[in-house]
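Quick notes on the structure that follows.
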Amino acid sequence: MTTARSPQTLEELLCRAYQMAGLSIGQLAAGLGLPVPNNLKRDKGWIGQLIEQELGAQAGSRPEQDFLHLGVELKTIPIDAQGKPLETTYVCVAPLMNVSGMRWEHSLVKHKLERVLWIPVEGDRNIPLAARRVGTPVLWSPNQDEEQLLRQDWEEILELIALGQVSTLTARHGEVLQLRPKAANAAAKTECIMEDGTVGLTNPRGFYLKIPFTSAILRQAFGY
DNA sequence: GGGTGATCATGG
DNA sequence: CCATGATCACCC
């Protein structure tokens, strides 16, 4: 397989992203010499990694933006025939310990979402994986309203974590940002604050963007 | 275990 | 029908 050179400028990154638009997953994979799995059941992050490679994102699992030197986070997002996201969007892991004194301005959520390059990809499961097409990219930064919504949810969730309410926090909390399990399986444990202030163990959690929020981002970008 | 990339699959 | 809670693969 080829290792794409990392884009040096935002313009170059966008140019490459636009060049992918309209191509199929099969075409991209062929160009990179990668076999296409029959489905994503055992390869859930495969499309994301394919797009990363095509655009020359740094591989690795650092809790950082994909294009740190450009200040851009890359997100592929599965959409239906109407352009509506089919899934929530993972943002980052949530801190469950030492959260007192944390501020939105320094949060990983804010940092990751400061500038996102959205790559829509057809996601209907009745379309064979190789036939699914890549859509037009969207470079997005939260406007004032969007950031306020994110901030409110983040602050509310962090407050509950600090109060030892992790076990009562569900994905229903938050208008646009939700907290959900994020782990290999339900057996994975990490430290958290308990209601009585002691340290306990719980399933690791991540922050996710709810579908109506990302749907609105795409809708505004494409004007429908 | 903690992080990345996410989608799966079923209960409400 | 679809969002929530669970899970998959890989890296370190």
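Reminder, nothing fancy here: chain letters follow the sequence lines and each chain counts from 1.
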Q) On the ring face of A:Tyr224, is A:Arg219 found with NZ or CZ under 6.0 Å from the centre and within 45° of the axis? A) no

Q | A:Leu179 side, atom CG; A:Glu156 side, atom CD - distance, nearest 0.5 Å | A | 11.0 Å

Q. Regarding A:Gln220 and A:Trp140, is there a side-chain donor-to-acceptor distance under 3.5 Å anywhere?
A. no

**Q.** Protein-nucleotide distance (A:Lys84, atom NZ; C:dC1, atom P), rounded to Å
**A.** 12 Å

Q) At under 4.0 Å between heavy atoms, what does A:Glu73 touch on the DNA or RNA strands: base, sugar-phosphate, or nothing? A) sugar-phosphate

Q.
Applying a 4.0 Å non-hydrogen cut-off, can you work out what A:Asn39 is touching in the nucleic acid: base, sugar-phosphate, or nothing?
A. nothing

Q) Just checking A:Ile47: base, sugar-phosphate only, or nothing, at a heavy-atom cut-off of under 4.0 Å? A) nothing

Q: Pick base, sugar-phosphate or nothing for A:Gly48, based on heavy-atom distances below 4.0 Å to the nucleic acid.
A: sugar-phosphate

Q) When you check the side-chain N and O atoms of A:Glu175 and A:Gln152, is any donor under 3.5 Å from an acceptor? A) no

**Q.** A:Leu68 CG - B:dT4 P separation (whole Å)
**A.** 13 Å

Q | Separation of C:dA9 C1' from A:Trp46 CH2 (nearest whole Å) | A | 14 Å

Q. A:Asn185 CG to B:dA6 P: how many Å, rounded?
A. 21 Å

Q: Indicate, yes or no, whether a donor-acceptor pair under 3.5 Å links the base of C:dT4 to the side chain of A:Lys210.
A: no

Q: Using a cut-off of strictly less than 4.0 Å, decide whether A:Gln49 has a side-chain nitrogen or oxygen near OP1 or OP2 of B:dA6.
A: no

Q) To the nearest Å, how far apart are A:Ile127 CD1 and B:dT7 P? A) 13 Å

Q.
Any salt bridge linking A:Glu155 with A:Arg103? Criterion: basic side-chain nitrogen under 4.0 Å from a carboxylate oxygen.
A. no

Q: Tell me which nucleotide among B:dG3, B:dA6, B:dT7 gets nearest to the side chain of A:Val93.
A: B:dG3

Q: Quick one: label A:Lys189 by what it contacts on the DNA or RNA (base, sugar-phosphate, nothing), any heavy atom closer than 4.0 Å.
A: sugar-phosphate

Q | Charged N-O contact under 4.0 Å between A:Lys210 and A:Glu87 | A | no

**Q.** Closest listed nucleotide, where the reference is the side chain of A:Pro181 and the choices are C:dG5, B:dT7, B:dG1
**A.** C:dG5

Q. Does the base of C:dG5 carry an N or O that pairs as donor and acceptor with the side chain of A:Lys182 under 3.5 Å?
A. no

(Q) Nearest whole Å is fine: how far is B:dT4 P from A:Tyr208 OH? (A) 11 Å

(Q) Rounded to whole Å, please give me the gap between CZ in A:Phe207 and P in B:dT4. (A) 12 Å

Q) Side-chain N or O of A:Thr88 less than 4.0 angstrom from OP1 or OP2 on C:dA3? A) no

Q) Which residue, A:Glu87 or A:Leu74, contacts DNA chain B at a nucleotide closer to its 5' end, judged by nearest heavy atom? A) A:Leu74

Q. Are any of A:Arg172's side-chain N or O atoms less than 4.0 Å away from OP1 or OP2 of C:dG5?
A. yes

Q) Choosing from C:dA3, B:dT7, B:dA6, which nucleotide comes nearest the side chain of A:Pro78? A) B:dT7

Q. In terms of side-chain heavy atoms of A:Arg42, which of B:dG5, B:dG3, C:dC8 is nearest?
A. C:dC8

Q) Are OP1 or OP2 of C:dA6 and a side-chain N or O of A:Lys41 less than 4.0 angstrom apart? A) no

Q. Taking OP1 and OP2 of B:dG5, is either one under 4.0 Å from a side-chain nitrogen or oxygen of A:Tyr90?
A. no

Q: Would you mind classifying the nucleic acid contact of A:Ala186 as base, sugar-phosphate or nothing, using non-hydrogen atoms under 4.0 angstrom?
A: sugar-phosphate

Q: To the nearest Å, give me how far apart CG (A:Leu86) and P (C:dC2) are.
A: 10 Å

Q.
Between A:Thr190 and B:dG2, is there a contact of a side-chain N or O with OP1 or OP2 at under 4.0 Å?
A. yes

Q) Which distance, rounded to the nearest 0.5 Å, do you find between the OG1 of A:Thr190 and the CG of A:Asn203? A) 9.5 Å

